[in-house]
J.: 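Have a look at this one before I ask anything.
Computed over heavy atoms, backbone and side chain alike; hydrogens, waters and symmetry mates excluded.
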Amino acid sequence: MAHVVTPLDQPSNYKDSQTRVDRQKQTELLAKSTTLYIGNLSFYTTEEQIYELFSKCASPEDGGGIKRIIMGLDRNTRTPCGFCFVEYYTHAEALASMRYVSGTKLDERIIRCDLDLGYKEGRQFGRGKSGGQVRDEHRQDYDPGRGGWGAQAQRMEVERRREVEERYADAQEGPGAVAGGGEEWKEVPGAVLETKKRARSPEEEAESARTAQRTRLEEEVEAERM
């Protein structure tokens, strides 16, 4: 039966690609490691949430506990990018986390835990071209917990929009372009529009004078009656 069930506290084939350590030396270091690499985190998971979950496997009464948590950060924006390191005081606590925490859900994501050779300064930053993790460079699906579309898909969308804008600009400027003018007729806020009166003809002037005279006569007659 022992050969049928895979032990949950055994490290996987995970290895830091930039570590220059042979397989035998790696096995020796992992046998004493107190550090875990935690992957598949949401970008929005906080250090406090991680501490609360992983402290369940800590043994402070035996001199253990969580020594520190190092959040994985985007190299450019310095924001969380989906991984972290959890460092315990004892190797037994790290193994307990692999057994009981790895494969469970945190922020609706199934996280994975692996023994790590040990944190070194600089490993907290993503190694992808865009600053995040390499896995998010080539991801083609939409994952809201990992920042939406993968970086490659986002670059393709930006390039597509740029091409559309360039074609639109060419259509506005090239032969057969639709004139966009007419801007000069728009009303400027605060501006007073100047209007010119049309000059009246002699007939109109005479009619206006007769109308004024009749109005005065009517006013005089009305005044005498009062």
Side-chain angles (χ1 to χ4, degrees), residues 8-21 23 26 29-30 33-58 65-89 91 93-162:
L8 299 178
D9 57 356
Q10 296 299 311
S12 69
N13 291 326
Y14 160 77
K15 178 184 176 182
D16 180 13
S17 60
Q18 295 186 2
T19 300
R20 302 294 182 263
V21 178
R23 178 62 65 177
Q26 177 184 349
L29 292 173
L30 291 178
S33 175
T34 61
T35 303
L36 290 177
Y37 172 89
I38 315 301
N40 200 39
L41 291 171
S42 166
F43 287 2
Y44 308 102
T45 299
T46 65
E47 184 174 336
E48 289 75 15
Q49 289 175 284
I50 295 170
Y51 185 90
E52 181 181 0
L53 176 62
F54 283 87
S55 62
K56 297 182 184 301
C57 295
I66 295 178
K67 184 176 182 180
R68 60 175 175 169
I69 295 174
I70 302 98
M71 298 295 292
L73 302 176
D74 185 290
R75 188 175 62 253
N76 299 325
T77 63
R78 296 300 195 267
T79 56
C81 64
F83 72 98
C84 75
F85 297 92
V86 176
E87 187 174 333
Y88 288 99
Y89 281 100
H91 178 65
E93 292 171 306
L95 291 181
S97 283
M98 287 184 59
R99 180 181 293 126
Y100 299 117
V101 178
S102 185
T104 61
K105 276 191 174 184
L106 178 60
D107 265 355
E108 299 302 317
R109 302 185 67 82
I110 298 177
I111 62 174
R112 64 178 186 277
C113 309
D114 245 313
L115 284 177
D116 190 79
L117 298 179
Y119 170 77
K120 292 182 179 180
E121 185 61 32
R123 289 189 63 197
Q124 74 268 39
F125 299 122
R127 296 172 179 172
K129 292 181 180 179
S130 62
Q133 287 193 272
V134 175
R135 60 167 290 195
D136 290 311
E137 289 286 322
H138 306 287
R139 185 168 47 78
Q140 296 295 326
D141 63 322
Y142 183 83
D143 189 340
R146 303 282 297 188
W149 296 102
Q152 191 175 64
Q154 291 182 23
R155 286 195 295 269
M156 292 175 61
E157 177 62 17
V158 170
E159 184 62 28
R160 185 191 68 81
R161 291 184 180 181
R162 183 182 298 114

J.: Begin with the C-alpha distance, continue with both residues' side-chain angles, and end with the deciding distance and a verdict on side-chain contact (heavy atoms from CB on, under 4.5 Å) for Ile111 and Thr45.
T.: CA-CA 11 Å; Ile111 62 174; Thr45 299; over 6 Å; no
J.: Ignoring hydrogens and geometry beyond distance, is a side-chain donor-acceptor pair present between Arg112 and Asn40 at under 3.5 Å?
T.: no
J.: Going by the rule salt bridge (Lys or Arg N to Asp or Glu O under 4.0 Å), which residues pair with Arg139 if we only count those two or more places apart in sequence or in a different chain?
T.: Asp136, Asp141
J.: Ignoring hydrogens, what is the shortest heavy-atom contact between Tyr100 and Cys57? Give both atom names and the distance.
T.: CB-SG, 4.2 Å
J.: How long is the straight-line distance from CD of Glu47 back to CD1 of Ile70, given to the nearest 0.5 Å?
T.: 9.0 Å
J.: Can any side-chain N or O of Glu52 pair as donor or acceptor with the backbone N or O of Ile50 at less than 3.5 Å?
T.: no
J.: Under the side-chain contact (heavy atoms from CB on, under 4.5 Å) rule, what do Thr79 and Leu73 come out as? Steps first, then yes or no, please.
T.: CA-CA 5 Å; Thr79 56; Leu73 302 176; 5.9 Å; no
J.: Hey, does the side chain of Ser33 reach the backbone of Asp116 with a donor-acceptor pair shorter than 3.5 angstrom?
T.: yes
J.: Once you round to the nearest 0.5 Å, how far does CZ of Arg78 lie from CD of Gln124?
T.: 8.0 Å
J.: Sub-3.5 Å donor-acceptor pair from the side chain of Ser102 to the main-chain atoms of Cys113, do we have one?
T.: yes
J.: How far does CG of Leu41 sit from CG of Asp107, to the nearest 0.5 angstrom?
T.: 8.5 Å
J.: Any idea which heavy atoms bring Phe54 and Ser97 closest together, and the distance?
T.: CD2-OG, 3.7 Å
J.: Nearest 0.5 Å, please: how far is CZ in Arg109 from OH in Tyr44?
T.: 10.5 Å
J.: Using modelled atom types and a 3.5 Å cut-off, is there a donor and acceptor pairing between side-chain atoms of Asn76 and backbone atoms of Ser130?
T.: yes
J.: Is there a donor-acceptor contact under 3.5 Å from the side chain of Thr104 to the main chain of Val101?
T.: yes
J.: Please determine whether a side-chain nitrogen of the Lys or Arg among Asp143 and Arg135 lies less than 4.0 Å from a carboxylate oxygen of the Asp or Glu.
T.: no
J.: Of the non-hydrogen atoms in Arg146 and Gln133, which two are nearest, and what is the gap between them?
T.: NH2-OE1, 2.8 Å
J.: Parallel, tilted or perpendicular: which one describes the rings of Tyr37 and Phe83, with boundaries at 30° and 60°?
T.: parallel
J.: What closest approach, in Å, do Ala58 and Gly65 show between heavy atoms, and which atom pair accounts for it?
T.: CB-CA, 3.7 Å
J.: Could you measure the distance from the CG atom of Leu117 to the CZ atom of Arg123? Nearest 0.5 Å is fine.
T.: 7.0 Å
J.: How far apart are the closest heavy atoms of Ile110 and Lys105, and which atoms are they?
T.: CG1-CG, 4.0 Å
J.: What are the two closest non-hydrogen atoms of Leu36 and Tyr88, and how far apart are they?
T.: CD1-CE1, 3.9 Å
J.: I'd like to know if the side chain of Glu93 reaches the main chain of Thr34, judged simply by a donor and an acceptor atom lying under 3.5 Å from each other, with no hydrogens or angles considered.
T.: no
J.: Check salt bridge (Lys or Arg N to Asp or Glu O under 4.0 Å) between Glu87 and all other residues, then give those that pass, not counting sequence neighbours.
T.: Lys67, Arg68
J.: Determine, stepwise, if the pair Leu29 / Leu115 fulfils side-chain contact (heavy atoms from CB on, under 4.5 Å).
T.: CA-CA 10 Å; Leu29 292 173; Leu115 284 177; over 6 Å; no
